[in-house]
Amino acid sequence: MVVTRIAPSPTGDPHVGTAYQALFNYIFARQQGGKFIVRIEDTDRTRYNPDSERRILEMLEWLGLSPDESPTKGGPNGPYVQSQRLPIYQAHAQRLLDSGAAYRAFETPAELEAARKEAEKAGASYRGYNRRYRDYPSAESEARAAAGEPFVIRLKAPLEGSVVVQDLLRGPVEFDHSQLDDKVILKADGYPTYHLAAMVDDHLMGVTHVIRAEEWLTSTPFHILILRAFGWDEPVWCHTPLLRNPDRSKLSKRKMDTSVDSYRAQGILPEALLNYLGTMGWSMPDEREIFSLQDMLEHFDLSRISLGGPVFGLDKLRWMNGKYIREVLSLDDLAERIKPFVEKAGYAYPSETYLKQVIEALRARFETLQEFVEKSVYFFREDYPTSEKALAKLKEGAVFLPELRGLLSSLPDFLPETTEAALKQFVEAKGVKAGAVMQPLRAAITGSLETPGMFDLLMLLGKERVLERLERAQSQVAP
RNA sequence: GGCCCCAUCGACUAGCGGUCAGGUCACCGCUCUUUCACAGCGGCGGCAGGGGUUCGAGUCCCCUUGGGGUCACCA
């Protein structure tokens, strides 16, 4: 059975890169009738952020990428948090120590740092560990360890020959052993490094396909060495392209908003984010741009991933979100999603129907849920702002305002047919262009020049509010 | 710097030896129109360069160039 996993480390905001990896791993596992596991890699206690784990797990639920096994879901391979598996790693590290595949090293971090600087200063192209303790007599090693001296455990990498990574997307990738150094697999604090922990867990959890970001490709030889030291089989390796900043460097929070929570707060829909990520490095066989998780499930093909690192750009994401807002979601669904945003803004509305009508009227005009809130103020409050341009229009058409108010107040109702007929007639009688009347009116009752059609506007706002606003506008532009 | 990966419009991509190199976003027009949008139509714009292989290269190979990643007791 196919088993995939993502192994996020809880160090901060849920990252779009994590969502991206989760998408591919989830889809592939589901499609193959396999399992998708989430394992938390919290072996770096200095960077650990307790809130992060919960938010990452929540993000996956929000996106609809539910794992089969995870810290919250549990499963037969638990625990799914590495800090709870310490004895496992320690036992495995000991195994390698016993077999001679690994050894203790006693340098302090400061010493290593100094050696690195030295090497760099000397202009050495090779910058790995200098293997000082590789052939240290084991009796002395034992003695120092027994005396309580701190140490790390390093894997003994072969000095000659090479290792070939069979990458699903790139084919064979060869690395010279001379390029490898003896990496730390167990830190002085007793925690494993990623290399050990991930390989041990992947093996124990039955992971068959390691689908991860390209940044891991160059450490794969090392992972293979660990696997071999234990006598375990390799999984299928599949290194996917890295999401990029607009300047093409690896996507980072310094240069881009990488927080899924942030996009969520802005009113990006999970479907749209997923859809967008699905177009990063991958495309539907028929090239359609808008597709669901279900569509992906039916058509996804790992080998169809292209290798150029895609720029994670907001323009298209926003366009896509707008597309979902106006074409994919039902009005009812959309309204439900907008409600929390409207509530957060403190907008009150008289009825569900009113809210939906406003949404429908504005639907083609906002691309994120938050944008709805920003563009709909005048539908919910009387203290809506008036833009400079609107104010200018208001002044231009100030002469019409008193008459307009009279006309509108005389109407029996504010149905579109009624107001349209009346206003058309008014415009005709004045012998001016429609805009000369409509624009000032629009400015008066919304404070904006970018609104839904006039007759929908009038109906939604209603006679009372319109007349009040007209009166206020009049006094506002009165000399 | 060593090693590794990558390379089609500004961005996301289709292409898997023979296509007028197609689509989407963005941008620019036009249509619709009381505004802004949406929508529709049209336009701008690309195979990084050089060698090969081949009757024929965006497609295969090599070199150059460019971009990226990695070289932590971080993942």
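Naming convention: chains lettered A, B, ... in sequence-line order (proteins, then strands); numbering from 1 in each chain.
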Kindly state which residues belonging to residues 312-319 of chain A come within less than 4.0 angstrom of RNA chain B, counting heavy atoms of the residue only, listed by number.
A:Asp315, A:Lys316, A:Trp319

Residues in residues 369-381 of chain A with a heavy atom under 4.0 Å of RNA chain B, by number, are none

Compare the minimum distances between each of [options] and the side chain of [X], then state the nucleotide with the smallest one.
| X | options | value |
| --- | --- | --- |
| A:Ala364 | B:A37, B:A39, B:C12 | B:A37 |
| A:Glu287 | B:A37, B:G69, B:G23 | B:G23 |
| A:Thr218 | B:A72, B:C4, B:U24 | B:C4 |
| A:Gln179 | B:C3, B:C36, B:C73 | B:C3 |
| A:Phe175 | B:C12, B:C6, B:C4 | B:C4 |
| A:Leu307 | B:C73, B:U24, B:C6 | B:C6 |

Give one of base, sugar-phosphate or nothing for A:Ser448, where a contact means two heavy atoms less than 4.0 Å apart.
nothing

For the [atom1] atoms, the ones on [N] and on [M], what distance do you get once it is rounded to whole angstrom?
| N | M | atom1 | answer |
| --- | --- | --- | --- |
| B:A48 | B:C55 | C1' | 27 Å |
| B:A14 | B:U70 | C1' | 31 Å |
| B:C36 | B:U31 | P | 13 Å |

Between B:C12 atom P and A:Arg304 atom CZ, what is the distance in whole Å?
17 Å

May I ask you to establish whether A:Arg144 and A:Phe106 are in a cation-pi arrangement, using a distance under 6.0 Å from NZ or CZ to the six-membered ring centre and at most 45° from the ring axis?
yes

Tell whether A:Glu215 reaches the base of B:G68 with its side chain through a donor-acceptor pair below 3.5 angstrom.
no

Confirm from the modelled atom types if A:Arg326 and B:C38 form a donor-acceptor pair under 3.5 Å, side chain to base only.
no

If only side-chain N and O atoms of A:Thr43 are considered, is one of them under 4.0 Å from the OP1 or OP2 phosphate oxygen of B:A75?
yes

Salt bridge (charged side-chain N to carboxylate O under 4.0 Å, His left out) pairs, two or more places apart, involving residues 235-244 of chain A:
none

